[in-house]
Amino acid sequence: QVQLVESGGGLVQHGGSLRLSCAASGFLFRVWTMGWYRQAPGKQRELVATINSGGSINYTDSVKGRFTISRDNAKNTVYLQMNSLKPEDTGVYYCSADPVYGSTRWGQGTQVTVSS
């Protein structure tokens, strides 16, 4: 079964940094598109970043220049380096995995809280 386990969340001051990790198992990691989404209280889940099997990356506009998504196929792990964090970055961050065909799989989420 597909498993995605996020880690690295926590409480950080505005301007600080965190690195999230997502450890994946149960699928052929290297051919799946991986991503990060987040959900703030009272809001819908939104895309943060994706990285596909060829290394092509998309970011939502609000994180461009501050966040970096990367993947290590040898470790079946995707990362999200978050710098210059803002209070509006606060939310639960979810790792996602998308096959070429099929449904998106989700991790359990990790809380990121940025104090003002």
- Query: For Thr90 and Val112, what are the C-alpha separation, side-chain angles and deciding distance, and is it a side-chain contact (heavy atoms from CB on, under 4.5 Å)?
  - Reply: CA-CA 5 Å; Thr90 293; Val112 172; 5.8 Å; no

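In this structure a side-chain-to-backbone donor-acceptor pair under 3.5 Å is missing from Arg30 to Leu28. Arg71 places a side-chain N or O within donor-acceptor distance of the main-chain N or O of Ile51, the cut-off being under 3.5 Å. Using modelled atom types, no side-chain atom of Tyr79 and backbone atom of Thr68 make a donor-acceptor pair closer than 3.5 Å. The backbone N or O of Gly109 sits less than 3.5 Å from a side-chain atom of Glu6, completing a donor-acceptor pair. Ser56 places no side-chain N or O within donor-acceptor distance of the main-chain N or O of Gly54, the cut-off being under 3.5 Å.
Taken from CG in Leu47 to CG in Asp61, the straight-line distance is 10.0 Å, to the nearest 0.5 Å. Taking SG from Cys22 and CG from Leu80, the interatomic distance works out to 10.5 Å, rounded to the nearest 0.5 Å. Atoms OG1 and CG, on Thr33 and Asn52 in that order, are 5.0 Å from each other to the nearest 0.5 Å.
For the pair Arg66/Met82, no side-chain contact is recorded, criterion being any heavy-atom separation below 4.5 Å from C-beta on. The shortest distance between side-chain heavy atoms of Cys95 and Met34 falls below 4.5 Å. The shortest side-chain heavy-atom distance between Phe27 and Gln3 does not fall under the 4.5 Å cut-off. The shortest side-chain heavy-atom distance between Val92 and Thr110 does not fall under the 4.5 Å cut-off. Contact annotation: the side chain of Leu4 never approaches that of Gln108 to less than 4.5 Å [non-hydrogen atoms, C-beta and beyond]. Looking at Val100 and Val31, their side chains never come closer than 4.5 Å, going by heavy atoms from C-beta outward.
For Arg105 and Asp98, the salt-bridge test fails: no basic side-chain N is under 4.0 Å from an acidic carboxylate O.
Residues Asp72 and Phe29 come closest through the heavy atom pair O-CE2, 4.0 Å. Nearest heavy atom pair, residue Ser70 against residue Val78, reads O-CG2, 3.1 Å.
Hydrophobic clustering, with ILVMFWY side chains joined whenever heavy atoms are under 4.5 angstrom apart, groups Ile57 together with Phe67.
With 3.5 Å as the limit, one finds a donor-acceptor pair spanning the side chains of Gln111 and Thr113.
Between Trp106 and Tyr37, the ring planes lie perpendicular to each other; the angle is over 60°, past the 30° to 60° tilted range.
Centroid-to-centroid, the aromatic rings of Trp36 and Tyr94 stay 6.0 Å apart or farther.
Shown here is Lys64, whose NZ atom has more than 12 heavy atoms of other residues, nucleotides or ligands within 6.0 Å.
Applying the side-chain hydrogen bond (donor to acceptor under 3.5 Å, both in side chains) rule to pairs touching residues 9-25 yields Ser17-Asn83, sequence neighbours excluded.
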